[in-house]
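Keep in mind that the numbers below use all heavy atoms, side chains included, and drop hydrogens, waters and symmetry copies. In what follows, chains are A, B, ... by sequence order, proteins preceding strands, each numbered from 1.
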Amino acid sequence: MSVEPLDFERIEKKWQEKWEKEHVFDATPDEREKFFLNIPYPYMNGFLHIGRLFTYLRGEVLARYKRMKGYNVLFPFAFHCTGSPIVNAARRIANGEQKQIAILRNMGVEDELIPRFADPEFWTQYFPEKTTEHLKSMGMSIDWRRSFITTSLNPHYDAFIKWQFRKLKEGNFVIKGAHPVIWCKECQNAVSDHSRLEGEGETPQEFTLLKFAFGDGYIIAATLRPETVYGQTNIWVDPDYEYVRARVGGEEWIISRECAEKLSDQEKDVEVIGSVKGRELIGHTARAPAIEKNIIILPSAFCDPCKGTGIVTSVPSDAPDDWIGLHDLQNDPEELEKYGLSHEDIASIEPIAIIRSKGWGPLPAKEICEKMGIESQLDREKLTKAKKEIYKSGFYTGVMNDNCGEYAGMSVEDAKEAIKQMLIDQGRADKMYEPSGEVVCRCLSPCTVKIVRDQYFLAYGDPEWKEKTHQALDRMELYPPLIRKQFEYVIDWLNNWACTRKVGLGTTLPWDEEWMIESLSDSTIYMAYYTIAHKIDEIDPADVDDAFFDYVFLGIGSAKDVASRIKKDASFVEGLRDEFNYWYPFDLRTSGKDLIQNHLTFCLFNHTAIFPPHHWPRAMGVNGWLMIDKEKMSSSKGNVYTSCDVCERYGTDVVRIGLMYSGEGVDDPNWETSFVETMGEKLSSWYHFATTMYGTGRRGEMQFIDLWFETVMLSIMKDVEEALEGMMYRSAIQRGYFDLHRALKWYQRRTADHHCELMDRFIEVQTQILSLFCPHVAEEIWEAIGMDGFISVSEWTSPWKAPDETMIYAEEFLKSVIDDIKEIIRVAKIEQPSNVYIYTSPQWKWEAARVAQEEGDMKSAMARLMQDEDMRKHGKKVSKFLASVMKHKSAAHDIDECGILNEAKQFIETEVGAPVTIDSDYDPESKREHAQPGRVAIYIE
RNA sequence: GCGGGGGUUGCCGAGAUUGGUCAAAGGCGCAGGGCUUAGGACCCUGUCUUGUAGAAGUUCGUGGGUUCAAAUCCCAUCCCCCGCACCA
């Protein structure tokens, strides 16, 4: 069958225009049952790649299915602009940064437009516009009238978010506190991830400051591992560095100058009053916290004044740096001499084993240095790796030794917190923050950590709120169901969330306008906004106030009052309220699995805070991350395809079905290029088949094989519906396309002359199933075969009767007979069979098999059968047969084997290429004996 | 370490909640044949090993166990992936 390829581009355009012109996907409340589904709006700093598309298509397919099932489907879309990435990128363009310009250019932005991207607002126009265009060209069945952008650039949405936050505040869901942020001293501003030259993803990390009593004051050492204080043997300083004496909260501290500056940003009163050179401290002792022993101060090369206090406590048992530092010093008489240290004293310092952890002996630091061949404290790279490894196993598997006072036997994980707290309570320790890695601001200054006061938090840590959110989760359906545990875990684990920022686009916090609401916090209940988004623009934004939202979303107040505030009729206001009530709650929100731990759970939390239970979400779904030919998408691999890339290349329908076939569930789906490449031809071929076969064929009563085909169809249709309801699209395509097509092929093989009505029904069903994935080609076929209206809104064909399973068994039986004959011919290397004899099982074996199944054991079955006189005639054969039935436990289906074979005699003959005789008396090799129910005997000559 | 998910025949991926019909669907790839001017299209056949009668033998991360029977249940063990936060 040679097939002319379809002109996908023409077909796509044609139907997209028609859909748009006739507003096929615009959703308006009516008497039908509604189905409201949505997907998290994307952030508007670029075009969509096919990973995103995959997620969106999962919503899209369900929207199409539900629509055809008769639901009034609302499937909206919007654009997220909140946060700093856009602002930062715009600034980079304004500064003429080539890297950023190249990013835009590579996306396909025209050169002459690039200067306009210096203005953040332009991003919020350009990308939503382009994204809309792209999604329309993907054939997404979205109600575009309801789209919007976020931030104050959209005053209506801005008012909505302000209303939401006032509600949250009223309900005491917003609390206030101090919060460490990455900070640029130069810019006097918090430095968000995307404003960094280096250090994306680094966050403030808490160090414990240990106070070593020294003279009238303290030497301060910073550590990430307060639990190791029991293993302290000495203190490290940089001999050549000049430390400062500083007055900190009434005490005198010796710390690095850099540290003193940082501490002043961390809620400490710091006054530098003098200085002291590192070498002046060497050889002296200071009293160590926890162990309350005097330990000696020694020189080292690895003290970094920019990190912590520039002074380090030494735990050679568990810190590779300390171990190797000590080791170096002990073997360097010159150095000892230089600082007037006693060789004996230093040599006598030994590591103290304090933690036992999995896979390590008592002194892990020593062990790993030896294992990795670390020979000097200057071997920074290896040491960093060693530290990481020791820390991980120590922290997670370690248990404190008996020499750790009251913490003996405690896990390191618990002891760390406990010991730190104890030291702080005793006044022997304090805290400071450092970035978890090097962070450089775009102004080229290195960043530090500042504790910001008056930070607002959403109180996700509140147990009552958690409880309510658990209730919401319990009422919700999840796709796939196994993600429920993950959600439960996240609800419990989530803590207070810093919900305001100083920079970026967004909505200001209504009661404290210095603050901007952060992007994960202004996107939690906006699904409600979709229900009125297409009408709210009619109102002057200045008039949109809390009373308006109170009425529309919560039914508080009166329509009349609201109407006069917004200068509209009461009926308009009531209409909005009705529309919200009609669509809400949403029936499904679906997204990538990464959003479980933030957005989706936030969404749930916020719904419980603001809406009554009957407006809480009904279902959420997630999916994995799209892989491209088994590889992660990444710009370095150059396999980040945008929707335009692939659609131009393969055609939209092919891309759609390729994506939907790539996987389901939470596992990462895999886009297979080789599969996609074959799909276009398959679609073309289906178009030609459907359009030429429709309305052809024989009429009148159905024959066996017609009924068989009908049964298979019905059975597949049932499975497809089930798969679709569970968002298992790969399975749906598997059954609804590949399996269905296989059935068609067999049907055609079995009968040269198909039944007209049945074939028509088949073409309709197959095209409808395909229409979810490949709507353009499907519409084209629908039109070509003369159906009225759009297939997109046609009534879904459900199974019109229950499938008759025996039909399927019967045909399976026939296939197995043919396969057996062919196998015999093959294995016996029969050149050209002249005659094929088939013998069906004698009646008594059917009877015996039936009894065997009923009785369940050999003995009683035999006993019962032997009561029958006819049975007794076969005597020994019966027992032999029974034994084999029992052994295989194979139950044959009760079908008329002889009838089936006779009906298909001609077909068998063509398949095996020889005349066939059924149940002949001619049986030269006594094959007949071997026949059993479900398994004929065969003789070939 | 904790929480979650996995390890299936060349690759991808079903099957596991209800043990047998599982040498294990389907897709892709590969091989042979048909159709054909040709075919990367389409259709058929094969694709763990052996095999002159439809069979047998070894397979479902590894090692045990339960059972007449295990990819499926139990125990142990190894390995992989994701998250562990303020990041859109």
Side-chain angles (χ1 to χ4, degrees), chain A residues 1-5 40-45 80-86 179 181 192-194 200-204 357-358 392-398 411-413 457 482-483 485-486 488-490 492-499 501 504 518-521 523 593-599 624-625 627 629-630 661-663 665-668 670 672-675 677-678 681-682 684-685 689 730-731 733-735 737-739 742 745 748-749 812 816-817 819-830 886-893 911 925 927 930 934-940:
Chain A
M1 194 170 29
S2 171
V3 159
E4 197 186 312
Y41 45 28
Y43 189 69
M44 285 293 111
N45 63 346
H80 204 192
C81 303
T82 311
S84 45
I86 289 176
H179 184 61
V181 296
S192 73
D193 233 9
H194 297 256
E200 239 181 79
E202 304 295 352
T203 56
S357 56
K358 199 172 140 189
K392 203 176 163 184
S393 55
F395 182 70
Y396 291 125
T397 69
S411 75
V412 169
E413 215 171 340
F457 295 88
L482 60 84
I483 59 171
K485 278 190 181 167
Q486 193 74 30
E488 273 166 3
Y489 182 81
V490 172
D492 288 333
W493 152 92
L494 215 52
N495 211 334
N496 297 341
W497 183 267
C499 62
R501 295 292 141 81
E518 122 345 293
S519 71
L520 278 166
S521 301
S523 55
K593 64 180 170 185
D594 50 316
L595 296 191
I596 295 178
Q597 60 177 303
N598 47 52
H599 168 73
W625 288 105
M627 314 276 278
D629 293 318
K630 258 315 188 187
Y661 190 68
S662 66
V666 276
D667 293 335
D668 292 338
N670 182 38
E672 272 184 271
T673 305
S674 52
F675 172 84
E677 278 168 350
T678 64
E681 282 130 11
K682 287 195 167 88
S684 295
S685 139
F689 179 90
R730 187 187 163 101
S731 302
I733 294 168
Q734 176 64 47
R735 282 299 272 159
Y737 175 71
F738 289 108
D739 287 354
R742 236 162 13 96
K745 284 178 207 162
Q748 288 183 293
R749 204 163 140 190
E812 286 299 313
S816 77
V817 171
D819 284 347
D820 281 351
I821 295 170
K822 283 185 178 169
E823 189 173 357
I824 292 167
I825 293 171
R826 204 183 78 239
V827 174
K829 298 203 166 69
I830 299 167
M886 284 311 194
K887 192 174 168 202
H888 297 294
K889 293 267 165 136
S890 54
H893 296 285
E911 287 289 314
E925 290 193 14
K927 293 286 184 189
H930 302 295
R935 191 180 154 74
V936 297
I938 296 162
Y939 174 63
I940 300 172

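Of all nucleotides listed (B/rC28, B/rC84, B/rG54), B/rG54 comes nearest to the side chain of A/His930. When distances are taken from the side chain of A/Tyr43 to each of B/rA88, B/rU45, B/rG83, the shortest belongs to B/rA88. Proximity note for A/Phe738 (side chain, C-beta onward) versus B/rG26, B/rG5, B/rA53: the nearest is B/rG26. Which of B/rG3, B/rG27, B/rC87 sits closest to the side chain of A/Tyr489 comes down to B/rG3. Nearest to the side-chain atoms of A/Gln486 among the listed nucleotides B/rA88, B/rG26, B/rG3 stands B/rG3. Looking at the side chain of A/Gln734, the nearest of the listed nucleotides B/rG26, B/rC44, B/rG27 is B/rG26. Listed nucleotides: B/rA53, B/rG27, B/rA85. Nearest to the side chain of A/Trp493: B/rA85. Each of B/rA53, B/rG26, B/rA85 was ranked by its minimum atom distance to the side chain of A/Asp739; first place goes to B/rG26. For A/Glu413, the side-chain atoms get nearest to B/rG1 when compared with the rest of B/rG1, B/rA85, B/rC28. The side chain of A/Leu494 sits closest to B/rA85 out of B/rA85, B/rA53, B/rG26.
For B/rG3, the paired base is B/rC82 (Watson-Crick or G-U wobble, both distances below 3.5 Å). Remark: B/rU66 base-pairs with no nucleotide; criterion is Watson-Crick or G-U wobble with both hydrogen-bond distances under 3.5 Å. Pair assignment for B/rC22 gives none, since no Watson-Crick or G-U wobble pairing has each distance under 3.5 Å. Both distances falling under 3.5 Å, in either a Watson-Crick or a G-U wobble arrangement, place B/rC42 opposite B/rG34. When both pairing distances are held under 3.5 Å, B/rA71 makes no Watson-Crick or G-U pair with any nucleotide shown.
Atom CD1 of A/Ile596 is separated from atom C1' of B/rG83 by 10 Å (rounded to the nearest Å). Here B/rU21 presents its P atom at 18 Å from CG of A/Asp819, a figure rounded to the nearest Å. We find that CE of A/Met627 is positioned 19 Å from P of B/rG5, with the value rounded to whole Å. Here B/rA88 presents its P atom at 10 Å from NE2 of A/His80, a figure rounded to the nearest Å. At whole-Å resolution of the value, CZ in A/Arg742 and C1' in B/rU45 are 15 Å apart. If you take CD1 of A/Ile733 and C1' of B/rA25, they are 16 Å apart, rounded to a whole angstrom. Note: CZ (A/Arg735) to P (B/rG27) measures 13 Å, nearest angstrom. Regarding A/Glu911, its CD atom lies at a distance of 8 Å from the P atom of B/rU45, rounded to whole Å.
Contact check on A/Arg826 versus A/Asp819 returns no salt bridge, with no Lys/Arg side-chain nitrogen under 4.0 Å from an Asp/Glu carboxylate oxygen.
The residue A/Lys593 sits apart from the nucleic acid: no heavy atom pair falls under 4.0 Å. Heavy atoms of A/Lys682 sit under 4.0 angstrom from primed sugar atoms or phosphate atoms, though from no base atom. Residue-level contact check: A/Leu520 touches the backbone only, with heavy atoms under 4.0 Å from sugar-phosphate atoms and none from bases. Residue A/Ile825 is classed as having no contact, given no heavy-atom separation below 4.0 Å to the nucleic acid. The residue A/Arg730 sits close to a base: some heavy atom pair falls under 4.0 Å. At a threshold of 4.0 angstrom between heavy atoms, the contacts of A/Val827 include nucleobase atoms, whether or not backbone atoms are also involved. As judged by a 4.0 angstrom heavy-atom cut-off over every strand, A/Asp667 is placed among residues touching the sugar-phosphate backbone only. In this structure, A/Val936 reaches the bases: a heavy-atom distance under 4.0 Å links it to at least one base atom across the strands shown.
In this model, the phosphate group of B/rU45 is not approached by any side-chain N or O of A/Lys745 to a distance below 4.0 Å at OP1 or OP2. Put simply, A/Arg935 has a side-chain N or O that comes within less than 4.0 Å of OP1 or OP2 on B/rA55.
When the C1' atom is used for both B/rU58 and B/rU66, the distance is 23 Å, rounded to whole Å. For the P atoms, the distance from B/rG13 to B/rG6 is 13 Å, rounded to whole Å. Distance check on atom C1': B/rG33 versus B/rU52 gives 22 Å, rounded to whole Å. As rounded to the nearest Å, B/rU9 and B/rA14 have C1' atoms that lie 13 Å from one another. Comparing the C1' positions of B/rU49 and B/rG64 gives an interatomic distance of 27 Å, to the nearest angstrom. The C1' atoms of B/rG19 and B/rU67 are separated by 9 Å, rounded to the nearest whole Å. One P atom belongs to B/rC22, the other to B/rU17, and the distance between them is 16 Å to the nearest Å. Rounded to a whole angstrom, the distance from the P atom of B/rA16 to that of B/rA31 is 34 Å.
With hydrogens and angles disregarded, no donor-acceptor distance shorter than 3.5 Å links the side chain of A/Lys927 to the backbone of A/Tyr939. The backbone N or O of A/Asp629 sits less than 3.5 Å from a side-chain atom of A/Asn670, completing a donor-acceptor pair. A distance-only check finds no donor-acceptor pair linking the side chain of A/Asn45 to the backbone of A/Ile86 [under 3.5 Å]. A/Glu672 places no side-chain N or O within donor-acceptor distance of the main-chain N or O of A/Ser674, the cut-off being under 3.5 Å. For A/Tyr489 (side chain) and A/Gln597 (main-chain N/O), no donor-acceptor pair under 3.5 Å exists by modelled atom type.
Atom CH2 of A/Trp493 has more than 12 neighbouring heavy atoms from other residues, nucleotides or ligands inside a 6.0 Å radius.
Taking the six-membered ring where the residue is Trp, A/Tyr661 and A/Phe675 present parallel rings, their angle staying beneath 30° rather than reaching 60°.
For A/Arg826 and A/Asp668, each mapped to the nucleotide of RNA chain B holding its nearest heavy atom, the one lying further toward the 5' end belongs to A/Asp668. Each of A/Gln597 and A/Thr678 has a nearest nucleotide on RNA chain B; the 5'-most of these lies closest to A/Thr678.
Closest approach of A/Lys593 and A/Gly624 over heavy atoms only: CE-CA, 4.0 Å.
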